[in-house]
2 protein chains.
Amino acid sequence: MGFQVGEVILIPTTIKDVAEVAGVSVTTVSRALNGYSDVGEETRRKVQKVAEELNYRPSAVARSLVMKRTKTIGLLISEMMSDKSGHHFTFEVLRGLHDALAKNGYDLIFANTTTAKQRLLSYLDFCTERRFDGVIVMGIRLDDPYVHEVTESPLPSVVIDIPLLSKHCGYVMTDNIHGCELAIQHLTSRGHRNIGFVNGHKEAEVSRQRLRGYKDALEKCGLPFEPSLVYEGDFSVESGAAGLEALLSANPDLTAVFFASDLMAIGALRWAQQQGIKVPGDVSIVGFDNIELSEYVTPGLTTIHQRRYEMGVTAANSLVAMLEGDMAQGRVLPPDIVIRGTT
Amino acid sequence: MGFQVGEVILIPTTIKDVAEVAGVSVTTVSRALNGYSDVGEETRRKVQKVAEELNYRPSAVARSLVMKRTKTIGLLISEMMSDKSGHHFTFEVLRGLHDALAKNGYDLIFANTTTAKQRLLSYLDFCTERRFDGVIVMGIRLDDPYVHEVTESPLPSVVIDIPLLSKHCGYVMTDNIHGCELAIQHLTSRGHRNIGFVNGHKEAEVSRQRLRGYKDALEKCGLPFEPSLVYEGDFSVESGAAGLEALLSANPDLTAVFFASDLMAIGALRWAQQQGIKVPGDVSIVGFDNIELSEYVTPGLTTIHQRRYEMGVTAANSLVAMLEGDMAQGRVLPPDIVIRGTT
DNA sequence: GTTGCAAACCAAAACGTTTTGGTTTAGACT
DNA sequence: AGTCTAAACCAAAACGTTTTGGTTTGCAAC
């Protein structure tokens with residue numbers, strides 16, 4: 001008897017123990033500790049004292065079973081966001097999620113997509129086994145079939161960076177269209193007319209949006225859209241360098257390039273410096289994300305800031321609201337432009 | 001009846017449902033699905049088929065209650081590691097932890113130290129309520145009283161970066177002494193004789209070790225230890241700059257400085273460049289950690305690499321081993337030196 | 001035609017809570 | 001003296017599993 005972990009046996013006090021010592025029923029202990037009104041003041045104090053003395057901690061497991069809610073939220077992250085370079089974006093969102101969830105009494109359980117694969121379960125099955133109250137979905141590729149199983153299920157979910165809205169599925173994302181507009185406007189205001197664009201891979205919804213934003217912004221500024229000015233990268237440092245090289249050789253009169261991620265912009269910046277191309281002298285560079293790195297490269301990277309911590313908080317609060325009966329919502333956060341040395 | 005989340009009611013199939021449809025007892029369903037031998041082949045197939053059809057997923061909650069183990073590991077991180085700059089170190093360790101735990105069927109639950117504070121519980125009480133099977137402790141200040149409550153309790157734990165070893169508490173850390181030796185040896189091999197040291201705050205065990213390592217290495221190289229060559233920072237970018245400034249003004253003949261973290265080294269590097277001090281021309285810089293950033297600053301930062309992902313994996317495996325009855329262990333991982341442009 | 005044994009199955013207890021639907025007691029009102 | 005009500009308490013059911021200690025059946029061995 002007791003809680004078996006390894007060779008050790010932990011024996012946490014149960015409500016029964018408290019009841020016996022206090023000389024009342026378990027019902028009374030439960031109701032006394034949970035603040036119900038049908039227990040006498042004296043009895044309540046007695047129970048509290050005994051519970052304190054025995055160091056009683058109600059089992060979340062037992063409670064979850066009978067209450068039919070676990071107060072746990074699953075965090076579904078794809079490798080895309082949890083790989084070696086994922087931290088720049090992911091970590092801050094995570095902090096926001098955690099802080100807001102903790103404030104509401106929920107715990108966050110990691111369940112990156114390998115967890116499920118390890119156990120040969122679909123994400124949804126995994127969530128069902130663990131009886132999560134809700135799920136946060138993050139960095140999922142549009143072509144991942146399992147993710148839709150989750151977002152379409154009745155399990156309440158909030159998706160980050162894909163605008164999926166249904167009865168049980170809300171989302172949070174940055175206003176990418178406006179972000180691109182800020183970037184292009186800034187470049188044109190500095191006199192640039194030939195502005196290239198290096199996008200992320202097209203399995204990401206944000207890539208679609210940013211391409212659209214780039215086009216819209218050009219139009220707004222009265223510039224023509226030129227397909228040869230667009231390069232499809234994959235968000236990585238390497239593809240940024242490759243993108244700049246490709247665009248420059250195809251368009252020698254290019255004077256500025258907008259990148260769909262800071263990591264790509266930084267890759268391009270390094271490549272340019274190695275090639276003796278001056279930034280911003282020969283070519284100006286604007287990134288997207290405002291990761292911490294962008295402040296520390298030389299020259300500092302001009303970029304579009306995403307409120308990552310706030311995205312986490314918003315997603316968490318949105319999910320909690322759904323769990324309390326609110327409608328699912330889509331929330332779009334405004335970006336800001338941060339002007340540094342590359343423009 | 002059913003699982004209540006918000007207004008929605010999810011009704012997962014239970015073992016009872018499967019039993020009824022398959023026309024057997026719940027005992028048989030349980031034993032059939034869990035591979036026991038006292039169930040006929042035909043019955044087993046029948047049960048499996050029905051379970052599949054009804055999409056049955058055994059409740060981890062109910063199972064935890066009766067099995068007296070939750071297959072969950074708590075992750076205790078202090079603000080120190082989960083603040084805005086924490087990701088450089090924390091995220092990789094996290095990945096290692098998660099990957100290794102998932103492989104063993106354990107889930108990782110975030111419980112940064114604010115979680116507990118929010119709920120007015122000690123960390124240990126929080127762990128007890130959630131009935132974690134074990135805990136990973138990370139980035140805790142030496143002077144945090146609650147952490148010792150955890151590591152001294154019978155709850156199996158593995159601490160990262162503090163050498164606490166007892167019956168139920170193991171640890172994983174980098175060989176800081178050797179790391180410092182690598183750094184100092186590298187600097188002396190380049191002819192430096194006056195080598196300063198900017199340490200982290202002294203509430204961190206790693207700071208103590210790195211100071212010791214710095215001293216030992218000087219001695220090994222036949223150089224005298226000079227207290228005025230040591231500055232106590234706090235691991236932050238700002239304190240790195242302040243450290244370099246202070247050391248330089250107190251010791252004009254300084255030619256190299258070793259920093260206890262990359263973040264501080266980078267702060268110093270930026271400050272130096274702003275002041276027109278050439279790196280590595282006027283002063284050489286070595287950091288510690290090898291965070292991703294250190295590769296991208298200009299010039300690239302020479303630093304001591306910590307195997308962060310491996311630390312996570314090692315800690316996780318160590319904890320799992322303890323849960324299976326092994327002794328708690330202390331494991332020390334070797335550092336490497338990464339030579340880049342600042343030396 | 002017992003006895004013994006293995007194979008296949010099952011009823012019930014246990015895990016630690018919350019909640020439902022009571023019962024008991026004491027005092028107030030007729 | 002009887003009825004009603006409110007306050008204080010409690011027994012038992014429920015949650016969904018695993019496990020213990022069986023029982024039943026059929027067949028081989030004597």
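Excluded from the calculations below are hydrogen atoms, water molecules and symmetry mates; all remaining heavy atoms, backbone and side chain alike, are included. Letters A, B, ... mirror the listed sequences (proteins, then strands); counts begin at 1. The shown structure was predicted, so the numbers you read here are calculated from the model rather than taken from an experiment.
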How many Å lie between [atom1] on [X] and [atom2] on [N], as a whole number?
X	N	atom1	atom2	answer
A:Asn34	D:dC9	CG	C1'	16 Å
B:Asp38	D:dT18	CG	P	14 Å
B:Glu42	C:dA7	CD	P	17 Å
A:Glu20	D:dC10	CD	C1'	15 Å
A:Leu65	D:dG16	CG	P	7 Å
B:Lys16	C:dA11	NZ	P	12 Å
A:Arg44	D:dA7	CZ	C1'	13 Å
A:Ile15	D:dC10	CD1	P	12 Å

Item checked: Ring geometry between A:Phe126 and A:Phe132 (parallel below 30°, tilted from 30 to 60°, perpendicular above 60°) -> perpendicular
Margin query: Taking the nucleotide of DNA chain D with the nearest heavy atom to each, does A:Val26 or A:Glu41 sit closer to the 5' end?
Written below: A:Glu41
Which is true for [X] with a 4.0 Å heavy-atom rule: it touches a base, it touches only sugar-phosphate, or it touches nothing?
X	answer
A:Ser59	sugar-phosphate
A:Val39	sugar-phosphate
B:Arg57	sugar-phosphate
A:Thr27	base

For [N], does either OP1 or OP2 sit under 4.0 Å from a side-chain N or O belonging to [X]?
X	N	answer
B:Thr43	C:dC9	yes
A:Lys68	D:dG16	yes
A:Thr28	D:dC9	no
B:Tyr36	C:dC9	no

Note to self: Nearest to the side chain of A:Ser25, heavy atoms from C-beta on, is which of D:dT17, C:dT18, D:dA11?
What the structure shows: D:dA11
Next item on the list: Measure the CG-OH distance between A:Asp133 and A:Tyr106 for me, rounded to the nearest 0.5 Å.
Entry: 5.5 Å
Next item on the list: Output the distance between atom CZ (A:Phe91) and atom CG (B:Leu94), rounded to the nearest 0.5 Å.
Entry: 7.0 Å
Notebook entry, point to check: Could you go step by step and tell me if A:Ser25 and A:Thr28 meet the side-chain hydrogen bond (donor to acceptor under 3.5 Å, both in side chains) rule?
Noted result: CA-CA 5 Å; A:Ser25 72; A:Thr28 303; 3.2 Å; yes
Item checked: Sole candidate of A:Met138, A:Met322, A:Gln329, A:His168 that passes side chain to side chain contact (heavy atoms under 4.5 Å, CB included) when paired with A:Val158 -> A:Met322
